[in-house]
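A short write-up of the structure that comes next.
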Amino acid sequence: MPELPEVQTIIDGVTTELMGKEIRSLDCFHPGTVIRDPELPEEVFPAEFISSRRRGKYIILNFSGDLSVIVHLRMTGKLVADSSQEGPVNHERACFMLSGSSKLRFIDIRTFGKIILCKTKNLGKFMPDLGMEPLADEFDARYLEKILKNRKAPIKTLMLDQKLIAGLGNIYVNEILYRSKLNPTVPGGEIPLSKLKILAKETKEVLREAISKNGTSISDFRNVDNKTGEFQKFLRVYQKETCPKGHPVSRIKQAQRSTYFCPVCQK
DNA sequence: CAATGATCCTGTCCGC
DNA sequence: TGCGGACAGGATCATT
């Protein structure tokens, strides 16, 4: 389940792959995966790659001819560069055919992922309203205070709301709250400014650390558990039995999602 | 507007 | 060995 750091890592890889190339065509193997802006002309390819960027968990690719491609991986989506000539592999939902006879396969077991083709000038219509980027300089205690004011929902749930903060998912929110020593069930509006300062700081720190490790939570969440090395060491409460201090970790459900936290460390 | 809940989907794992 | 059910969760839509 790619979150901000994983999406950033994927964008870096995709950008390298697309640099200096053009899309020749797009094959679709699963109805509903590719969404097309009705204002686009019949033929949009070939289209030359210009630039890429990330917004929350969205990948935004810009091409010549006023074409943009928005990719959202949701939980199980992957973009895999592959120059082999073999046809669709298992769970392949779409495939970009690139110049230089290479391919960019969109593989997505659970089919929640989406590829949107739209006019660049229509990007706003196809992107949802998203909150501030957590790595922006302006993301600080004051911003948190503003978005959490008078909110009664638990802080855990609010931090997952993309309209408030763009890019956080379940794993990182659990980890951020643990490091901030904040109980996930506390109503967002009741957190004092002093704690919001810590929350803002830890949010950035966790994300930066994850990005520097190339978003090691990539791959199926099942594997997160088995993963040895960097990411396994990175996780302190998510899917853990005990926290680093040896206290038993509690697991509860909030808004249909698992929350892992340490009742001793997180007050 | 805010909060909550159902829904989509498939592979994996667990208990019987 | 096989099978049913729980579970994983991002975003969207519906309901209160």
Side-chain angles (χ1 to χ4, degrees), chain A residues 1-11 28-35 54-60 70-79 88-94 106-116 125-131 133-134 144-177 184-191 207 210 215 217-227 231-232 235 237-241 249-261:
Chain A
M1 40 206 146
E3 304 180 30
L4 188 157
E6 291 77 29
V7 173
Q8 187 62 56
T9 302
I10 289 165
I11 288 178
C28 307
F29 310 116
H30 184 271
T33 294
V34 176
I35 295 167
R54 182 189 57 73
R55 178 75 174 102
K57 298 171 199 168
Y58 291 80
I59 298 166
I60 302 173
I70 304 170
V71 181
H72 199 300
L73 306 167
R74 294 288 186 100
M75 276 96 67
T76 56
K78 295 174 180 60
L79 281 169
V89 299
N90 205 14
H91 302 128
E92 186 170 339
R93 309 305 183 190
F106 183 70
I107 298 168
D108 184 21
I109 296 173
R110 273 176 263 186
T111 71
F112 287 179
K114 294 279 180 273
I115 295 173
I116 300 170
K125 287 191 204 170
F126 289 88
M127 287 291 291
D129 287 330
L130 295 172
E133 287 290 329
L144 289 174
E145 185 181 46
K146 192 182 87 180
I147 61 173
L148 297 176
K149 193 170 187 184
N150 297 327
R151 299 294 296 255
K152 295 182 171 54
I155 182 62
K156 156 76 185 309
T157 307
L158 293 170
M159 287 189 73
L160 283 173
D161 187 341
Q162 304 298 299
K163 288 192 278 299
L164 302 180
I165 307 172
L168 300 182
N170 200 42
I171 297 178
Y172 288 110
V173 167
N174 277 294
E175 295 298 314
I176 289 165
L177 289 173
T185 64
V186 169
E190 292 180 10
I191 303 172
L207 293 176
S217 77
I218 265 175
S219 79
D220 284 345
F221 65 90
R222 291 275 165 201
N223 292 341
V224 169
D225 215 50
N226 305 328
K227 235 179 185 75
F231 195 68
Q232 185 66 5
L235 294 176
V237 284
Y238 184 77
Q239 290 186 346
K240 294 288 188 183
E241 293 288 323
V249 166
S250 293
R251 177 183 166 183
I252 59 173
K253 283 273 182 194
Q254 292 181 292
Q256 275 106 255
R257 257 137 211 95
S258 284
T259 298
Y260 295 83
F261 73 107

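Throughout, protein chains are lettered first and strands after them, A, B, ... in sequence-line order, and every chain is numbered starting at 1.
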For the residue pair [X] and [Y], establish whether any side-chain heavy-atom pair is separated by less than 4.5 Å.
{"X": "A:Asn174", "Y": "A:Leu235", "answer": "no"}
{"X": "A:Gln254", "Y": "A:Leu160", "answer": "no"}
{"X": "A:Ile59", "Y": "A:Leu79", "answer": "yes"}

Answer yes or no: does a side-chain N or O of [X] lie under 4.0 Å from OP1 or OP2 of [N]?
{"X": "A:Gln162", "N": "C:dG10", "value": "no"}
{"X": "A:Arg151", "N": "B:dA3", "value": "yes"}
{"X": "A:Tyr172", "N": "C:dG9", "value": "no"}
{"X": "A:Ser258", "N": "C:dA8", "value": "yes"}
{"X": "A:Lys57", "N": "C:dA11", "value": "yes"}
{"X": "A:His91", "N": "B:dC9", "value": "no"}
{"X": "A:Lys253", "N": "C:dA8", "value": "yes"}
{"X": "A:His72", "N": "C:dA11", "value": "yes"}

Consider the side chain of [X], meaning its heavy atoms from C-beta on, and name the nucleotide among [options] that approaches it most closely.
{"X": "A:Arg251", "options": "C:dA8, B:dA3, C:dG10", "value": "C:dA8"}
{"X": "A:Lys152", "options": "B:dA3, B:dT4, C:dA11", "value": "B:dA3"}
{"X": "A:Tyr260", "options": "B:dA3, C:dA8, C:dT12", "value": "C:dA8"}

Between atom [atom1] in [X] and atom [atom2] in [N], what is the gap in whole Å?
{"X": "A:Asn90", "N": "B:dC9", "atom1": "CG", "atom2": "P", "value": "17 Å"}
{"X": "A:Phe112", "N": "C:dC7", "atom1": "CZ", "atom2": "P", "value": "17 Å"}
{"X": "A:Asp161", "N": "C:dA11", "atom1": "CG", "atom2": "C1'", "value": "11 Å"}
{"X": "A:Asp129", "N": "B:dC1", "atom1": "CG", "atom2": "P", "value": "11 Å"}
{"X": "A:Lys149", "N": "B:dA2", "atom1": "NZ", "atom2": "C1'", "value": "16 Å"}
{"X": "A:Asp108", "N": "B:dG11", "atom1": "CG", "atom2": "P", "value": "11 Å"}
{"X": "A:Gln254", "N": "C:dG9", "atom1": "CD", "atom2": "P", "value": "12 Å"}
{"X": "A:Ile109", "N": "B:dC13", "atom1": "CD1", "atom2": "P", "value": "12 Å"}

Legend entry - Rounded distance [0.5 Å steps], NE2 in A:His91 versus OG1 in A:Thr76: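 If we round to the nearest 0.5 Å, A:His91:NE2 and A:Thr76:OG1 are 8.5 Å apart.
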Inset, instruction - With rounding to the nearest 0.5 Å, note down the distance linking CD1 in A:Ile155 to CD1 in A:Ile191. - result: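 The distance works out to 4.0 Å.
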Inset, instruction - Hey, which sits more toward the 5' end of DNA chain B by its nearest nucleotide, A:Thr111 or A:Gln256? - result: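 It is A:Gln256, whose closest nucleotide lies nearer the 5' terminus.
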Inset, instruction - Confirm from the modelled atom types if A:Arg257 and C:dG10 form a donor-acceptor pair under 3.5 Å, side chain to base only. - result: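 For A:Arg257, whose side chain was compared with the base of C:dG10, there is a donor-acceptor pair (under 3.5 Å).
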Inset, instruction - Give a yes or no on whether a salt bridge exists between A:Lys152 and A:Glu190, defined as a side-chain N under 4.0 angstrom from a carboxylate O. - result: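 Salt bridge flag = no for A:Glu190 with A:Lys152.
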